[in-house]
Amino acid sequence: HFAVDPDLVFLTTRLAGAGTRFLPFNLGTGGPGHEGGAGNPASPSGYRTAYLWEQVWAPDAWLDLLRRFLHVENPPPPRKGKPAPKKAWHQRSLIFPRLHQWHAVRTLTTAAATQGAGQNYLVQHSAGSGKSNTIAWLAHRLSSLHDAQNTKVFHKVIVITDRVVLDRQLQDTIFQFDHTVGVVEKIDKTSAQLSDALAGQTAQVIITTLQKFPFILTAAGQLAGSRFAVIVDEAHSSQTGESAKALKQALGEDVDDDGDPLTASALARGRHSNLSFFAFTATPKAKTLELFGDLGPDGKHRPIHVYSMRQAIEEGFILDVLRNYLTYATYYKLTRTGPGGTTSSHTSDREVETRKAAAALARFASLHPSNMTQRAEIIVEHFRAHTAGRLGGRAKAMVVTRSRLHAVRTHAAIRTYIEAKGYQGLHALVAFSGVVDDDGVAYTESMLNGFGEGALPERFAYTRADDPSAGTPGAAQ
């Protein structure tokens with residue numbers, strides 16, 4: 001269902017009265033695939049929304065969209081001991097691509113069909129862009145892509161990721177498009193399993209980890225006549241020492257110091273003309289742009305497709321964290337003083353008596369900033385005083401640290417403080433990739449959270465406000 005006027009387009013896949021949710025289906029002010037904000041640029045046709053009927057609703061494009069993009073979202077897997085959820089087909093969510101997703105996949109597949117194997121492509125899509133679905137749609141399309149001579153462009157499509165949740169999203173999405181058993185294969189065991197998948201005829205889309213990357217390069221050199229599309233998602237790469245070691249094992253010293261898989265991929269592609277790399281990142285480095293980007297007439301390298309953070313924020317898919325961002329020092333000043341720097345009872349923290357708050361924060365500020373216990377106290381108490389009651393008790397807080405080790409220690413300090421104060425209904429989760437060594441002790445995300453990574457989305461989404469059994473033995477958490 002489309003809602004259209006001369007300037008904007010919105011769509012929904014289900015009408016539900018007042019609960020209907022219309023999502024933007026606009027090009028962005030910079031035009032499709034370029035930097036810009038929410039909305040549409042001026043059109044030579046007169047109407048800013050002319051692209052809808054001229055491009056999207058064009059018969060061939062529309063039928064291709066229905067065939068290759070639409071899919072039904074499966075219910076989440078049940079928790080242990082719980083019955084599998086059942087939903088009628090018409091009650092499930094129908095996934096329709098956002099315009100930048102549809103446009104990105106078409107742009108990439110057109111370029112690959114024209115240029116053939118041996119190319120690099122950089123896709124700069126912000127958080128909130130729906131990257132998992134974009135990668136799944138691209139992988140499925142590349143697996144059956146043919147050129148103008150009706151020759152198959154790629155014999156295999158390899159998706160490199162090291163996030164279990166993304167693995168599952170990719171598999172679920174691609175499986176809906178092609179129900180043939182074995183077409184999508186996840187390699188989570190040995191290199192021999194990967195070798196069989198690469199050399200066999202059945203598997204068309206292979207999902208594997210960054211650690212298997214060296215073997216892919218070796219196999220690509222040995223499988224003469226075979227062409228491979230490799231999709232790399234930098235945003236989900238662990239950047240761990242193990243990953244960097246695996247890359248250097250394959251590439252010698254031709255990889256930057258932090259083991260960036262994108263730059264490593266580009267360098268590797270220089271040795272393998274039968275490999276094309278499709279790299280997804282939200283924040284490309286200068287070196288990444290130079291190796292992957294298209295060289296413009298002004299001598300600058302640019303991504304082949306962009307969905308900017310500005311557009312994602314203005315369209316409401318992510319929040320602008322800088323609007324609610326305060327440094328430790330700024331928070332101290334705001335609490336201690338009023339407008340113009342004068343001490344006042346009408347400061348931002350009205351819930352507490354100003355003099356006491358200033359004295360307490362002065363004690364915190366006088367301590368070294370690495371003191372995790374004091375940081376945990378400020379974080380937890382600020383959350384309880386200002387945030388916890390919002391959204392009907394559903395509000396959450398995010399603590400962003402400078403490193404994975406800081407995340408481990410801050411998480412431990414927050415949990416310790418909550419337990420020491422005896423606060424109920426207040427919990428902390430931690431998210432980081434790989435293994436973190438803290439004074440000889442190895443920590444993983446699942447170890448600290450107490451459950452597997454696959455359960456993290458459901459656990460994070462849980463709120464007591466939405467659980468009718470909260471506080472009883474039947475509570476979901």
Side-chain angles (χ1 to χ4, degrees), residues 73-87 92-93 127-128 130-133 161-173 186 188 209 233 235-238 240 317-319 321 376 379-380 382-384 387-401 404-436 438 442-477:
E73 190 172 49
N74 285 322
R79 297 186 299 271
K80 291 183 178 179
K82 301 285 185 179
K86 293 183 179 180
K87 274 189 175 182
R92 300 183 188 183
S93 297
K131 199 184 309 178
S132 293
N133 271 330
T161 177
D162 52 6
R163 296 283 290 183
V164 175
V165 174
L166 186 60
D167 290 345
R168 188 170 297 112
Q169 287 176 325
L170 286 168
Q171 283 183 299
D172 288 347
T173 302
K186 178 184 176 184
D188 54 3
T209 64
D233 181 12
H236 293 283
S237 62
S238 66
T240 62
F317 288 100
I318 59 174
L319 297 176
V321 294
I379 291 167
V380 173
H382 184 275
F383 175 74
R384 294 182 69 246
T387 310
R390 298 187 179 185
L391 301 178
R394 299 174 178 83
K396 298 177 173 66
M398 178 183 290
V399 181
V400 182
T401 63
R404 295 183 304 143
L405 179 58
H406 281 78
V408 169
R409 292 187 176 181
T410 304
H411 174 256
I414 290 175
R415 291 190 62 171
T416 300
Y417 181 79
I418 291 172
E419 292 173 2
K421 299 293 287 187
Y423 293 146
Q424 300 297 313
L426 187 59
H427 304 279
L429 297 175
V430 66
F432 60 88
S433 54
V435 179
V436 174
D438 188 2
Y443 294 99
T444 65
E445 176 186 297
S446 57
M447 180 191 306
L448 294 178
N449 286 332
F451 50 82
E453 185 178 354
L456 183 59
E458 181 183 0
R459 295 280 188 140
F460 179 75
Y462 174 84
T463 59
R464 291 171 61 90
D466 296 318
D467 185 358
S469 302
T472 72
Q477 290 189 29

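Because the structure is a prediction, the values reported are computed rather than measured.
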Ignoring hydrogens, what is the shortest heavy-atom contact between [X] and [Y]? Give both atom names and the distance.
{"X": "Gly452", "Y": "Ser446", "value": "CA-CB, 4.0 Å"}
{"X": "Ala407", "Y": "Val430", "value": "O-CG2, 4.0 Å"}
{"X": "Val399", "Y": "Ile379", "value": "CG2-CG2, 3.9 Å"}
{"X": "Ala465", "Y": "Gly392", "value": "CB-O, 3.5 Å"}

Q: Rounded to the nearest 0.5 Å, what's the gap from CG on Leu429 to CZ on Phe451? Could you check?
A: 5.0 Å
Q. To the nearest 0.5 Å, how far apart are NZ in Lys396 and CZ in Arg390?
A. 15.0 Å
What pairs with [X] under salt bridge (charged side-chain N to carboxylate O under 4.0 Å, His left out), at least two apart in sequence or on another chain?
{"X": "Arg459", "value": "none"}
{"X": "Arg394", "value": "Asp466"}
{"X": "Arg409", "value": "Asp438, Asp439"}

Please list, chain by chain and in numerical order, all residues satisfying side chain to side chain contact (heavy atoms under 4.5 Å, CB included) with [X], sequence neighbours excluded.
{"X": "Ala388", "value": "Phe383"}
{"X": "Tyr423", "value": "Val380, Glu381, Arg384, Tyr417, Ile418, Lys421, Leu426"}
{"X": "Ala412", "value": "none"}

Q: Please say whether more than 12 non-hydrogen atoms of neighbouring residues, nucleotides or ligands are located less than 6.0 Å from CD1 in Ile318.
A: yes
Q.
Keeping Arg404 on the side-chain end and Ser433 on the backbone end, is there a donor-acceptor pair under 3.5 Å?
A. yes
Q: Look only at the side chain of Glu445 and the backbone of Ala431, and say whether a donor-acceptor pair between them is shorter than 3.5 Å.
A: no
Q) Do Leu448 and Phe432 have side-chain heavy atoms sitting under 4.5 Å apart? A) yes
Q: Please lay out, stage by stage, how His411 and Thr401 fare under the test side chain to side chain contact (heavy atoms under 4.5 Å, CB included).
A: CA-CA 10 Å; His411 174 256; Thr401 63; over 6 Å; no
